[in-house]
Amino acid sequence: MIPLVDLKLQYQLHKAEIDAAMQEAAANAQYILGPNVKALEADLAAYCDCKRGVGVGNCTDGLHLALRALRIGPGDEVITSPFTFVATTEAIGIVGATPVFVDIDPATFNMDPSLIEAAITPRTRVILPVHLYGQPCDMDPIMAIARKHGLRVVEDCAQAIGATYHGRKVGSFGDIGCLSFFPSKNLGCFGDGGMVVTNDEELYGRVEMLRRHGGRVKYHHEEIGLNSRLDELQGAILRVKFRYLEEWTEARRRHAVRYNELLAGTPNLPLPSEIADVRAVYHQYTVRVKDRKAIQATLAEAGVSSFVYYPVPLHLQEVHADRGYERGAFGYAEAAADEVLSLPMFPEMTEEQQQKVARAVRAASHGQ
Ligand SMILES: *Cc1c(COP(=O)(O)O)cnc(C)c1O
């Protein structure tokens with residue numbers, strides 16, 4: 001079976017380096033906010049074209065802390081995409097604010113900037129774009145609208161580390177960017193982990209304070225905070241893996257180009273597309289299909305994994321039932337939820353594996 005990602009293979013390929021880094025961190029015994037986390041914060045901030053990085057427990061906490069740092073709370077509205085992982089709106093809900101959705105651009109699966117202004121109310125405080133599947137959102141119009149209306153911008157970069165828009169890294173456009181190191185993300189650790197990046201010193205200070213019980217000085221607490229720090233052991237692992245991130249990202253992009261070539265012209269199979277002047281990082285390679293259940297079953301028989309990210313748009317989730325959205329509210333997000341199918345995509349994929357996937361996808365689509 002060709003897996004969606006092959007984390008066992010990735011570990012085997014880099015085992016010596018990773019094991020050495022873990023052992024060194026274990027022996028060093030500075031387990032909380034130790035030297036690996038500090039170094040990784042500096043390295044990843046620079047990588048993301050930002051001045052500051054704060055290692056946190058996971059990206060969900062990162063989004064939560066970003067909103068807390070911006071003093072977003074009850075009564076405030078945050079405009080975001082209905083076609084994303086629930087963590088995006090969970091963070092909005094945790095601070096007591098209200099998610100307000102705008103539909104996606106069906107070509108990119110990302111929020112359609114031309115719909116944002118109509119969703120702004122006197123309560124709107126933040127726009128929260130999600131760079132889904134590693135495809136950068138169209139940041140110029142989003143930032144222009146934010147400036148015009150005095151709104152803050154938090155970027156959900158969980159799937160898009162290293163992606164660029166007009167030559168600049170995602171996460172550096174808004175006030176704060178949030179990264180995830182969940183194992184299957186493009187830069188994954190061996191558990192949960194995340195980072196907040198920013199160019200704003202004040203916001204950096206607030207996130208840094210809030211991630212460790214709301215205090216800048218030990219045992220002196222200014223605000224209710226969180227215990228949400230990136231583990232030193234994860235920091236050690238991530239510093240090794242970070243050395244390979246550019247190589248892995250370029251491999252993902254080559255695989256996407258090859259998939260595009262191998263699958264071109266298949267009937268009823270729209271392929272992923274990029275907007276102009278971006279570097280997408282292909283966290284997922286996601287196509288659209290009509291009879292998804294049947295195609296997935298045929299692919300499984302052929303030994304090819306596939307997965308649906310995400311089958312239910314957030315405006316139709318039970319958790320957001322209080323918002324009163326009904327089916328039909330965001331037609332493009334709903335169609336995407338019905339049709340998307342992600343194919344195996346990981347840096348270590350071989351040409352033979354891709355050919356096998358493409359053959360199976362073509363055969364399954366022609367059978368429709
Ligand atoms: C994975 C993911 C998150 C949450 O990241 P965690 O580190 O698992 O908390 C948030 N948003 C998106 C779009 C994601 O894919």
Side-chain angles (χ1 to χ4, degrees), residues 4-5 7 37 40-41 44 48 53-68 78-95 99 101-102 104 108-111 126-137 139 142 153-163 170-171 174 176-197 207 211 226-231 234-235 237-238 241 252 280-286 307-315 317 319-320 333 336-337 340 342 345-346:
L4 282 169
V5 292
L7 298 180
V37 169
L40 186 75
E41 287 175 342
L44 278 186
C48 294
V54 186
V56 293
N58 52 72
C59 181
T60 312
D61 282 358
L63 291 161
H64 168 189
L65 289 167
L67 294 171
R68 283 287 311 281
V78 178
I79 296 178
T80 191
S81 168
F83 192 57
T84 171
F85 181 55
V86 71
T88 311
T89 54
E90 208 165 25
I92 299 168
I94 289 170
V95 301
F101 298 111
V102 297
I104 58 167
T108 62
F109 302 110
N110 284 329
M111 80 193 307
V126 176
I127 305 174
L128 204 171
V130 183
H131 308 290
L132 201 73
Y133 304 149
Q135 300 280 350
C137 291
M139 292 309 295
I142 292 173
V153 174
V154 175
E155 293 176 71
D156 184 337
C157 307
Q159 303 188 3
I161 187 169
V170 299
I176 300 187
C178 300
L179 308 173
S180 172
F181 308 130
F182 185 81
S184 60
K185 299 284 160 84
N186 286 21
L187 179 64
C189 63
F190 290 0
D192 281 306
M195 193 172 291
V196 168
V197 292
V207 173
R211 79 166 157 178
L226 250 65
N227 176 5
S228 185
R229 299 166 292 214
L230 180 64
D231 284 342
Q234 304 296 357
I237 294 161
L238 286 164
K241 290 184 134 200
R252 286 174 182 276
V281 296
Y282 292 92
H283 174 59
Q284 302 293 343
Y285 183 89
T286 303
F307 210 78
V308 178
Y309 304 100
Y310 298 93
V312 183
L314 295 187
H315 67 285
Q317 295 275 355
V319 65
H320 293 308
V340 290
S342 294
M345 169 56 85
F346 50 97

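Note that the numbering runs from 1 along the sequence shown for the chain. Counting convention: from 1, in listed order, for ligands and their atoms alike.
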Among His64, Lys185, Gln159, which residue places a heavy atom closest to atom 2 (C) of ligand 1? Lys185
Protein contact of atom 11 (N) of ligand 1 - nearest heavy atom, named by residue and atom, plus distance: Asp156 OD2, 2.7 Å
In ligand 1, which numbered atoms sit nearer than 4.0 Å to a non-hydrogen atom of Phe85? 2 (C), 3 (C), 12 (C), 14 (C)
N/O to N/O below 3.5 Å, does that happen between Ser180 and ligand 1? yes
Does Arg211 reach the main-chain N or O of Val56 with its side chain, forming a donor-acceptor pair under 3.5 Å? no
Donor-acceptor pair, distance only, cut-off 3.5 Å: does the side chain of Lys241 make one with the backbone of Cys189? no
Going by the atom numbers of ligand 1, which of them fall below 4.0 Å from some non-hydrogen atom of Thr60? 4 (C), 6 (P), 9 (O)
List ligand 1 atoms under 4.0 Å from Gly193, heavy atoms only on the residue side. 7 (O)
Which of the numbered atoms in ligand 1 are under 4.0 angstrom from any heavy atom belonging to Val130? 13 (C)
Side chain, backbone, both or neither: which part of Asn58 comes within less than 4.0 Å of ligand 1 when only heavy atoms are counted? both
Any chance you could lay out the side chain to side chain contact (heavy atoms under 4.5 Å, CB included) test for Val153 and Val126, step after step, and finish with the verdict? CA-CA 5 Å; Val153 174; Val126 176; 5.9 Å; no
Under 3.5 Å, is there a donor on one side chain and an acceptor on the other for Thr286 and Ser342? yes
To the nearest 0.5 Å, what is the distance between CG on Leu128 and CG on Leu67? 6.0 Å
Please write down residue, atom name and distance for the protein heavy atom closest to atom 5 (O) of ligand 1. Cys59 CB, 3.2 Å
Sidechain-backbone polar pair: Ser228 side chain, Gly57 backbone, donor-acceptor under 3.5 Å: yes
Note: ligand 1 atoms sitting under 4.0 Å from heavy atoms of Thr84 are 13 (C)
Do His131 and Glu155 have side-chain atoms, one donor and one acceptor, less than 3.5 Å apart? yes
As an exercise, identify every atom of ligand 1 less than 4.0 angstrom from a heavy atom of Ala87. 3 (C), 4 (C), 10 (C)
Atoms in ligand 1 with a heavy atom of Ala158 nearer than 4.0 Å: 2 (C), 3 (C), 10 (C), 11 (N), 12 (C), 14 (C), 15 (O)
Determine whether Tyr133 and Phe109 satisfy the following criterion, ring pair (Phe, Tyr, Trp, His ring centres under 6.0 Å), listing intermediate values before the conclusion. CA-CA 9 Å; Tyr133 304 149; Phe109 302 110; 5.4 Å; yes
